[in-house]
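Everything below concerns the one structure shown next.
Order of the sequence lines fixes the chain letters, A, B, ..., with proteins taken first and strands second; residue numbering starts at 1 for each chain.
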2 protein chains.
Amino acid sequence: MKISAKVDYALQAVVEIAVATKKDSLISTEEIASRRDIPEKFLEGILTLLRKSGVINSYRGPSGGYELAKKPQDIAVADIIRIIDGPLAAVRGFAPEEIEYAGPVKHVADVWIATRASLRNVLENISIADILSGDFDVSVSKLLNEKDARKRRKA
Amino acid sequence: MKISAKVDYALQAVVEIAVATKKDSLISTEEIASRRDIPEKFLEGILTLLRKSGVINSYRGPSGGYELAKKPQDIAVADIIRIIDGPLAAVRGFAPEEIEYAGPVKHVADVWIATRASLRNVLENISIADILSGDFDVSVSKLLNEKDARKRRKA
DNA sequence: CTATTTTCCTACTATACTACTAGGAATTAA
DNA sequence: TTAATTCCTAGTAGTATAGTAGGAAAATAG
């Protein structure tokens, strides 16, 4: 269950682009890369994916750069993850319901279904606007306020 | 956010072992492998990890095999994932709170914290006993009964 | 005591993925 | 025309995933 560097970078990049767009300006790859300490050429590839999926628009030439193609409240974290990394939760590369669990292990399917549902509830419910404001949906705030939410679990 | 073959196999194996233990008998690697269609030698490595972590006991020789070392209700899915794959949610290999998100991206940290909290809520709350009975905690049942929980999301 | 069945242990392999890097072509603005 | 930008193709090193192979150690049944 790892969150890749690519997804983390993508999310940070989209937030930086959102900030620029709010000021009616464009932001370049180099600017994002240096602000967020992301390898520039690596970031380039990420921005290409976001553009091809219609999350951002791009303009070339001097004073070119990127802007958001949608309203910040209409871009969910889940969207970005799916664009960059594919499905939110895949078991051995398959969707949970595609695997056959026969006999006593039948309900193992439910474990992965519930896992996916839970990820959806969080990630579909956080938008770029929420990240900008820090003002999250109640369901998300509840998670953040849980005891030890910000602590690593003992092995 | 992929669930590895290893974790999926491990969970299935533990369930099969739980079934055997309930009948006061041992089950061999070969038996599990053939029942659940898991490569035998690959499964061997998985069972070694589970044994070293104290989830199962092993006995050698003819009529040897594995049994659960704990009660099924005391083994959570989260435990198995941590044994096999490491932390439930790691961002670029780090725990969410270890990464510095400065300036406007500050709240990106909260996204990953909430993601981890949400995974914990599901995976700490499903035990092997629950998988055997199919009778899950209310919080988990709620997730399973959500609309489209068993359907893939459109890209 | 021997044959057999099992776990246990070390090592190896092929493939894919992750996280990058390099070089230059196309576009646009000053 | 120059410089700044995105766009496009093609790499590469390292790590992780999903296995395989071969045999040693232990236990049981005969």
Inset, instruction - Return the 5'-most residue of the pair B:G61, B:D85 with respect to DNA chain D, ranking by each residue's nearest nucleotide. - result: B:D85
Legend entry - First of A:G64 and A:K52 reached from the 5' end of DNA chain D, by closest nucleotide: A:G64
Legend entry - Pairs meeting criterion salt bridge (Lys or Arg N to Asp or Glu O under 4.0 Å) with involvement of residues 45-61 of chain B, two or more places apart: none
Legend entry - Inter- and intrachain pairs under salt bridge (Lys or Arg N to Asp or Glu O under 4.0 Å), touching residues 111-127 of chain A, at least two apart: A:R82-A:E124, A:E97-A:R116, A:E124-B:R153
Legend entry - Residues in side chain to side chain donor-acceptor pair (under 3.5 Å) contact with B:T115, at least two apart in sequence or another chain: none
Quickly work out the [X] [atom1] to [N] [atom2] distance and round it to whole Å.
X: B:K2; N: D:dA16; atom1: NZ; atom2: C1'; answer: 11 Å
X: B:I46; N: D:dT17; atom1: CD1; atom2: P; answer: 12 Å
X: B:L49; N: D:dT17; atom1: CG; atom2: P; answer: 12 Å
X: B:Y59; N: D:dA25; atom1: OH; atom2: C1'; answer: 18 Å

Inset, instruction - Would you mind reporting whether A:Y66 and A:L26 have side-chain heavy atoms less than 4.5 Å apart? - result: no
Inset, instruction - Produce a footprint string for nucleotides 18-24 of chain D: one letter per nucleotide, 5' end first; B if the base is under 4.0 Å from any protein heavy atom, S if only the sugar-phosphate is, - if neither. - result: BBBBBB-
Inset, instruction - At the 4.0 Å heavy-atom cut-off to chain A, mark where contacts on DNA chain C begin and end, going 5' to 3'. - result: C:dA19 to C:dA29
Inset, instruction - Using a 4.0 Å heavy-atom cut-off across all strands, classify A:G45 as base, sugar-phosphate, or nothing. - result: nothing
Inset, instruction - Would you indicate what A:T48 reaches in the nucleic acid, counting non-hydrogen atoms under 4.0 angstrom: base, sugar-phosphate, or nothing? - result: nothing
Legend entry - Polar side-chain atom of A:E16 near backbone of A:A13 as donor-acceptor pair, under 3.5 Å: no
Inset, instruction - Taking A:T21 for its side chain and A:L68 for its backbone only, find out whether a donor-acceptor pair lies under 3.5 Å. - result: yes
Inset, instruction - Can you run down the side chain to side chain donor-acceptor pair (under 3.5 Å) pairs that involve residues 127-137 of chain B, sequence neighbours left out, and say none if there aren't any? - result: B:S127-B:D130, B:D137-B:S139
Legend entry - Salt-bridge criterion met for B:E31 and B:R35 (N-O under 4.0 Å): yes
Inset, instruction - Would you please say whether a donor-acceptor pair under 3.5 Å links the side chains of B:Y101 and A:D8? - result: yes
